[in-house]
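Taking it in order: structure first as structure tokens, then the write-up.
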2 protein chains.
Amino acid sequence: MDQLLAHIQQYISLSGEEITILKRTLSTTTFDKNHKLLEAGEVCHFNYFVCKGCLRMYFFKENGTEHTTQFAIENWWLSDYLSYLTQLKSPFSIETLEPSEVIALSPDTSDLLATEIPQLSKYFALITQRAYAAAQMRIKFLQEFSGEELFNHFTSHFPEFLQRVPQYMMASYLGFSPEYYSRLRKKTP
Amino acid sequence: MDQLLAHIQQYISLSGEEITILKRTLSTTTFDKNHKLLEAGEVCHFNYFVCKGCLRMYFFKENGTEHTTQFAIENWWLSDYLSYLTQLKSPFSIETLEPSEVIALSPDTSDLLATEIPQLSKYFALITQRAYAAAQMRIKFLQEFSGEELFNHFTSHFPEFLQRVPQYMMASYLGFSPEYYSRLRKKTP
DNA sequence: TTGCAATCTTGAACCAGATCAATTTCCAGC
DNA sequence: GCTGGAAATTGATCTGGTTCAAGATTGCAA
């Protein structure tokens with residue numbers, strides 16, 4: 001919970017009263033490893049803030065192969081935004097990869113908080129802008145880099161991730177097969 | 001200009017006075033075909049709204065090949081959000097593909113308008129959310145579909161685009177070579 | 001501690017899509 | 001209405017990455 005308050009206060013300042021409102025309105029939930037927060041075919045009712053742990057969002061192709069589209073660790077928000085906004089069914093699943101502590105925010109609660117704490121809209125706007133900017137860069141990387149380049153880029157920029165995430169998930173996140181991932185790993189130890 | 005006002009009023013309602021403020025503050029600019037609105041290496045100072053025409057955002061790999069990351073037609077906003085937010089240099093270029101009429105919005109003007117027309121923050125927030133949602137779906141499609149599937153999906157969902165955009169740009173947008181695009185096209189006429 | 005299931009590795013055959021090179025078609029500007 | 005350059009097609013060849021199948025490792029549940 002303090003995790004989120006600290007994160008918010010990186011962008012806007014909160015009065016004592018506002019902090020009280022937030023603490024009263026929001027609550028953290030603890031989940032085991034491999035707990036499903038969203039199952040493909042359901043509506044994505046929440047935007048999840050990770051206080052502690054690690055989540056991922058993924059989907060299945062018709063042929064049954066699984067593809068991870070996003071990871072989220074401490075201080076990241078994660079949700080299927082299209083489903084979250086429209087309340088239509090999501091093609092994605094979201095699950096914990098570690099025992100995790102998250103805050104689940106619904107659109108209603110979000111609106112409520114934004115009216116009680118006007119500043120908060122600015123925080124949410126910033127978060128969404130940053131998420132969009134990150135998505136733009138991810139699209140660029142996927143187009144720009146070969147598998148090997150993606151692998152090298154990722155291992156050098158986010159080494160901490162590799163410890164926390166199974167290789168076959170990393171492989172599907174970067175857009176190639178587990179076998180090829182293993183070969184790249186061998187290549188540059 | 002009315003194009004933007006209409007677009008805004010799909011999401012929020014504006015008073016006559018607010019419309020006046022908008023008309024006074026914003027202006028449309030007309031550009032020839034192939035006009036560069038942003039050159040790679042510069043800061044992206046504006047978020048562009050397309051009243052009429054067509055823009056694209058693209059970048060170059062070291063090997064010199066060009067990759068289109070986004071198109072924008074009427075009623076779409078386009079910018080390199082990371083550069084726009086941080087005012088750091090952008091790796092992208094933005095150019096018109098047709099004679100176009102656009103509204104260029106700077107972060108300062110955006111803030112100014114948001115204080116004069118509080119409702120407008122909601123509009124901008126919605127636009128960004130939708131853009132983020134679209135980017136999430138784009139990433140999903142790029143992971144989910146083979147070249148041929150992407151091609152079929154795109155031609156069936158956005159046939160109007162194909163008329164307006166050169167094939168080699170479509171090819172790089174979908175993530176493959178112009179030659180392969182041509183072969184796919186032949187395959188399914 | 002053991003046993004089983006999930007994950008990771010390795011090899012060999014294969015293929016979607018790239019690259020290179022040679023025409024052909026399409027236009028924008030004179 | 002030419003004409004030169006950009007865009008599109010087509011064929012031949014090549015390769016990054018997949019797929020399939022068979023072990024080797026790991027890790028966790030009982």
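The chains referred to below are lettered A, B, ... by the order of the sequence lines, with proteins before strands, and numbering in each begins at 1.
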Let me know, please, whether B:Arg183 or B:Pro166 comes out on the 5' side of the other along DNA chain D by nearest nucleotide. B:Pro166
Polar side-chain atom of A:Ser106 near backbone of A:His45 as donor-acceptor pair, under 3.5 Å: no
Does a side-chain N or O from A:Arg185 land closer than 4.0 Å to OP1 or OP2 of C:dT9, or not? yes
Considering only heavy side-chain atoms of A:Ser177, the closest of D:dT9, C:dA18, D:dT18 is D:dT18
Grab the CD-P distance between A:Glu148 and D:dG17 for me, whole Å please. 8 Å
Do the non-hydrogen side-chain atoms of B:Glu18 and B:Leu120 ever get within less than 4.5 Å of each other? no
Look at the side chain of B:Glu42 and the backbone N and O of B:Ser90, then say whether any donor-acceptor pair between them is shorter than 3.5 Å. no
Between A:Leu14 and A:Gln119, is any pair of side-chain heavy atoms under 4.5 Å apart? no
For D:dT10, take OP1 and OP2 only and decide whether either is under 4.0 Å from a side-chain N or O of B:Lys186. yes
Value in whole Å for how far the C1' atom of D:dC28 lies from CG of A:Leu97: 17 Å
Under-4.0 Å side-chain N/O to phosphate OP1/OP2 contact, A:Tyr180 with D:dT18: no
Starting at atom OH of B:Tyr181, determine the distance to atom C1' of D:dT10, rounded to an integer number of angstrom. 17 Å
Using atom CD of B:Glu179 as one end and atom P of D:dG11 as the other, report the distance to the nearest whole Å. 14 Å
Within this structure, what is the CD-to-P distance between B:Gln167 and D:dA7, rounded to whole angstrom? 11 Å
Just the rounded figure in Å: distance from C1' of C:dA16 to CZ of B:Phe151. 16 Å
Ring geometry between A:Tyr48 and A:Phe46 (parallel below 30°, tilted from 30 to 60°, perpendicular above 60°): tilted
From the set D:dC28, D:dT10, C:dC8, return the single nucleotide nearest to any side-chain atom of A:Lys33. D:dC28
Between C:dC8 atom C1' and A:Lys187 atom NZ, what is the distance in whole Å? 18 Å
C:dA18 P sits how many Å from B:Leu174 CG, rounded? 11 Å
